[in-house]
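Please read the structure below before turning to the comments.
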Number of protein chains: 2
Amino acid sequence: MGFISNIDNELLSKVATNDGHGENSAYFDGWKAYEIDPFHPTQNSDGVIQMGLAENQLCFDLIQEWVVNNPKASICTGEGSEDFKDIAIYQDYHGLPEFRIAVARFMEKVRGDRIRIEAERIVMSGGATGAHELLAFCLADPGEAFLVPTPYYPGFDRDLRWRTGVQLFPVVCDSSNDFKVTRTALETAYQKAQESKITIKGLLLNNPSNPLGTILDKETLKDTVRFINEKNIHLVCDEIYAATIFNKPDFISISEVIMEEDVECDRDLIHIVYSLSKDLGFPGFRVGIIYSYNNVVTNCARKMSSFGLVSTQTQFLISNMLSDEKFITKFITKSSGRLRKRHYMFIKGLEQVGINTLKSNAGLFIWMDLRRLLKEPTFESELQLWRIIINEVKLNISPGCSFHCSEPGWFRVCFANMDDETMRIALRRINNFVIQRKGIEGGVKKLQCRRSKLEISLSFRKLDDFMNSPHSPMSSPLVQART
Amino acid sequence: MGFISNIDNELLSKVATNDGHGENSAYFDGWKAYEIDPFHPTQNSDGVIQMGLAENQLCFDLIQEWVVNNPKASICTGEGSEDFKDIAIYQDYHGLPEFRIAVARFMEKVRGDRIRIEAERIVMSGGATGAHELLAFCLADPGEAFLVPTPYYPGFDRDLRWRTGVQLFPVVCDSSNDFKVTRTALETAYQKAQESKITIKGLLLNNPSNPLGTILDKETLKDTVRFINEKNIHLVCDEIYAATIFNKPDFISISEVIMEEDVECDRDLIHIVYSLSKDLGFPGFRVGIIYSYNNVVTNCARKMSSFGLVSTQTQFLISNMLSDEKFITKFITKSSGRLRKRHYMFIKGLEQVGINTLKSNAGLFIWMDLRRLLKEPTFESELQLWRIIINEVKLNISPGCSFHCSEPGWFRVCFANMDDETMRIALRRINNFVIQRKGIEGGVKKLQCRRSKLEISLSFRKLDDFMNSPHSPMSSPLVQART
């Protein structure tokens, strides 16, 4: 729904007329392709399947059940309507006290109850999007920069940069060590920024990582804290996928690391971004959280939160839901189990056609290695392949270049935003595509897929059987894909 | 809940360490005084009565009734829970289509159905607060300015300036012509800005006006449009009190004026800020709206709205409520009637003790003239009087200086955020204060209150009788004051 106009740009601001919103990227183009021709199992079975959206749709049955059983949790039921007035008029930027307490408790829970989150420090924002912008406004002046390891979530370019004038400076990571964030990579980036006369004000970490689906181990986190402490720069930890861990090892929050005895750390430098969009699957509710150990930042962030407070109707619901500890424990366990099963099925399906993925244990996506399918190891080839996948295979997946990946050939593929059947169709499309590709580019030695079309087809049939069997891990009550 | 810290300010941004949030003002100090010692009819009957909050609490009984009768309007009822998933995951920044349509229709309705509002142009924001900031980001670069007639809502200083670096330049209005916005005043301000080498990018109008409670007549609006068109600057019309008109004449929206034949106008310059916080009384729900006639601004604003989207849970409720035309018609009529009665009782009570107010027909407040109670015609005297009213009379009202009023002695007093009984107590406190003041400053000739203490006391007793009578316009089912 875009409007066209030839308005004199001088009438508007630089922010309005530059492309800082970042929507002119393959990441968002894929979404548009999906929107034009969305897959539907019966009405548009040849449409584009949305695998570019990191949504957690696997546990809505649990939420719905809870909602029906807890009518007092909403101000819009006969049972809850007495609270309507008090909630509708509550506009204090501290948020409902019970909301802060429940969110703090939930944040502790998904961090293994090994740390303490103070309810008084909980600051709301309009999703993680608003939280990142808000912190950038607090921590850096226009022109100053944050280091950020690559590949990283494309939205960061908009969130941290667009209206703030702050820059992002890449810490280049690559597949040679599974995209790990090393001290060397951090130092190299910092050095390079200094040479370019760019003031680095902080480091942005995304743990678990979107798009990698990996988590940072304790040693890496310790090293990182030592690094930022030494440089006297901020550390912003985006932990919005904290409850999506579906395999060992456990998630380690920055909150845990700064308590370690062998880590010297000025806590005034440490800030966490959190959200309920991924861990509970409520992106529409716009619940973003800023948790800073710095008092000045907490005070300032709270004042700034006026620009993007969470609806009190939603605060009320969330505070009721999150304070039901029994339900939350069950939800976290079930959600993790369903993600594990879905992830397993997905990578197994890909392996059947010889596609590798980065080993991961978190998130709602996998980092898929299609380097062997590139004509040349260039980003042009990556985009060429991506266009074929969007337009012919009809899958919206996201090319690595849109995540500022340093190596061509990687793609992020989301697996938790659809039902079993849609996923089966997606896997079959990938299967057919690889077979066809093998046919066309039979001479490409890099594609070391030894099996014949028939073999692959057969093994896929086996996969179908497996997915349909009552013992299949896929038989969980999954929700329907959005269309 | 403020944290104290002696952090090195260089670690943070200028935005975080300047006072651009504007909370160091008498306007907010009054709120703090209330928060420390809030009035409660039984538990703290000597506490501060909150008359500094422009909240519309007179019609919650109607809303509550509607909510209970419309369980499908909420995704958190047995009837509505089937929509939970679709609503919770909907994060498209266009908003739910039905939300946009219902809001557009409501905006038409409160503008007398004399204009057309296109649903496609409805852009969401985090309340009017977010809407103003967003437009400032779109329309002006740091250092550039908006003209704004005085007195104006103190929050504008935060909303338009703090994070954007945009300035506000006063258009001085005064009581000599009831604070009307004249072409001369506009030209003078524009001239003055030019002399100060400040680039004026737009004019911000608040219609109906907070704090004045007045509306702009058609001729003034036409003149204003001619002015901005001539200067080729933007016009931002804040119409968030559009449905609070309680007496004739009717409200005229800028949308109506730009359609007039004798008004030449580049519509690309026209932008409206709207909200449901005042007209429906839902400030906690954070429903802000940007409606621009400029396509580039609409597109850009929509992308920016990602920083402060309205919770889809709230979008869903609002779209259901607003599309119930019968209910909305009844609500608007009843709300206007109740505001009229409350306003009438309030100014009548003030008149009894010789206090005048600016003639008004809209809003949730009156602009009270206490110039005769000032020791000297200075803002120092105004603040002195204000401190007495806060600390001794125990009423949180807001001094004119916090609204950048050019004349000392005016105060904004809110009248729709409390029940009858609280209002009666507030009026009695004012009564006693004026009597006491008369006693102390008997020689002050400016205070032309001729009646004796006894007379005033008697007339107040009559007022009490009137308010308690079943025929009193105050016997409407008003909601309890927030405590």
Side-chain angles (χ1 to χ4, degrees), chain A residues 1-5 7 12-16 21 23 55 57 60 63-64 67-68 73-74 76-78 81 84-85 87-91 94 120 126 129-130 133 137-141 163 268 281-286 294-296 298-300 303 306-309 311-314 317 479 482, chain B residues 1-5 7 12-16 21 23 55 57 60 63-64 67-68 73-74 76-78 81 84-85 87-91 94 120 126 129-130 133 137-141 163 268 281-286 294-296 298-300 303 306-309 311-314 317 479 482:
Chain A
M1 197 194 302
F3 294 96
I4 296 161
S5 174
I7 193 175
L12 306 181
S13 69
K14 290 186 186 76
V15 166
H21 51 76
E23 287 196 14
E55 267 181 9
Q57 298 191 15
F60 271 104
I63 302 277
Q64 259 166 300
V67 158
V68 173
S74 165
C76 295
T77 58
S81 68
F84 194 96
K85 190 204 93 190
I87 299 302
I89 61 172
Y90 187 89
Q91 58 188 309
H94 292 90
E120 295 72 30
T129 297
E133 187 191 54
F137 268 122
C138 285
L139 305 181
D141 285 324
R163 306 199 302 185
D268 274 339
F282 299 159
F285 290 0
R286 313 311 298 148
N294 183 319
N295 292 346
V296 178
T298 302
N299 289 340
C300 179
K303 291 184 178 80
S306 295
F307 296 110
L309 296 171
S311 168
T312 48
Q313 184 194 12
T314 298
L317 172 68
V479 292
R482 209 155 59 114
Chain B
M1 197 193 304
F3 294 96
I4 297 162
S5 174
I7 193 174
L12 306 181
S13 70
K14 290 187 186 75
V15 166
H21 51 75
E23 287 196 14
E55 268 181 8
Q57 298 192 14
F60 271 104
I63 303 276
Q64 259 166 300
V67 158
V68 173
S74 166
C76 295
T77 59
S81 67
F84 194 96
K85 191 204 92 190
I87 299 302
I89 62 172
Y90 186 89
Q91 58 187 309
H94 292 90
E120 296 71 29
T129 297
E133 186 190 54
F137 269 122
C138 285
L139 305 180
D141 285 324
R163 305 198 304 184
D268 275 340
F282 300 160
F285 290 0
R286 313 311 299 149
N294 183 317
N295 292 347
V296 178
T298 302
N299 288 340
C300 179
K303 290 184 178 80
S306 296
F307 296 110
L309 297 171
S311 169
T312 48
Q313 184 195 11
T314 297
L317 172 69
V479 291
R482 209 154 59 115

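Every chain is numbered from 1 and lettered A, B, ... according to where its sequence line falls, protein lines coming before strand lines. None of the values given here were measured: they were computed from a predicted structure.
Among G130(A), P283(A), S81(A), the residue with the largest count of heavy-atom pairs under 4.5 Å with chain B is P283(A). Considering only heavy-atom pairs separated by less than 4.5 Å from chain B, the leading option among T298(A), I87(A), V15(A), L139(A) is L139(A). Contact count versus chain B (heavy atoms, under 4.5 Å) is highest, among A88(A), G308(A), G126(A), A16(A), for A88(A). Among the candidates A140(A), G281(A), A73(A), C138(A), the residue making the largest number of heavy-atom pairs closer than 4.5 Å to chain B is C138(A).
If you measure heavy-atom distances from V67(B) to chain A, the contacts under 4.5 Å come from both the backbone and the side chain. At a 4.5 Å heavy-atom cutoff, the contact between S306(B) and chain A is made by backbone and side-chain atoms alike.
Checking side-chain atoms of T77(A) against main-chain N and O of T77(B) turns up no donor-acceptor pair under 3.5 Å.
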| query | Step by step, would you call R286(A) with R286(B) a side chain to side chain contact (heavy atoms under 4.5 Å, CB included)? | reply | CA-CA 11 Å; R286(A) 313 311 298 148; R286(B) 313 311 299 149; over 6 Å; no
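Atoms CD and SG, on Q313(A) and C76(B) in that order, are 7.0 Å from each other to the nearest 0.5 Å. Rounded to the nearest 0.5 Å, atoms CD1 (I89(B)) and CZ (F285(A)) are 10.5 Å apart. With rounding to the nearest 0.5 angstrom, the CZ atom of R163(B) is 6.0 Å from the CZ atom of R163(A). For the atom pair K85(A) NZ and Q57(B) CD, the distance stands at 5.0 Å (nearest 0.5 Å).
Side chain to side chain, T314(A) and S311(B) meet the donor-acceptor criterion of an N or O pair below 3.5 Å.
Across all their heavy atoms, G78(B) and V68(A) have their closest contact at CA-CG2, 4.3 Å.
The closest side-chain heavy-atom distance from L309(A) to T129(B) is not below 4.5 Å.
Taking the six-membered ring for Trp and thresholds of 30 and 60 degrees, F60(A) and F84(B) have ring planes inclined between 30 and 60 degrees apart.
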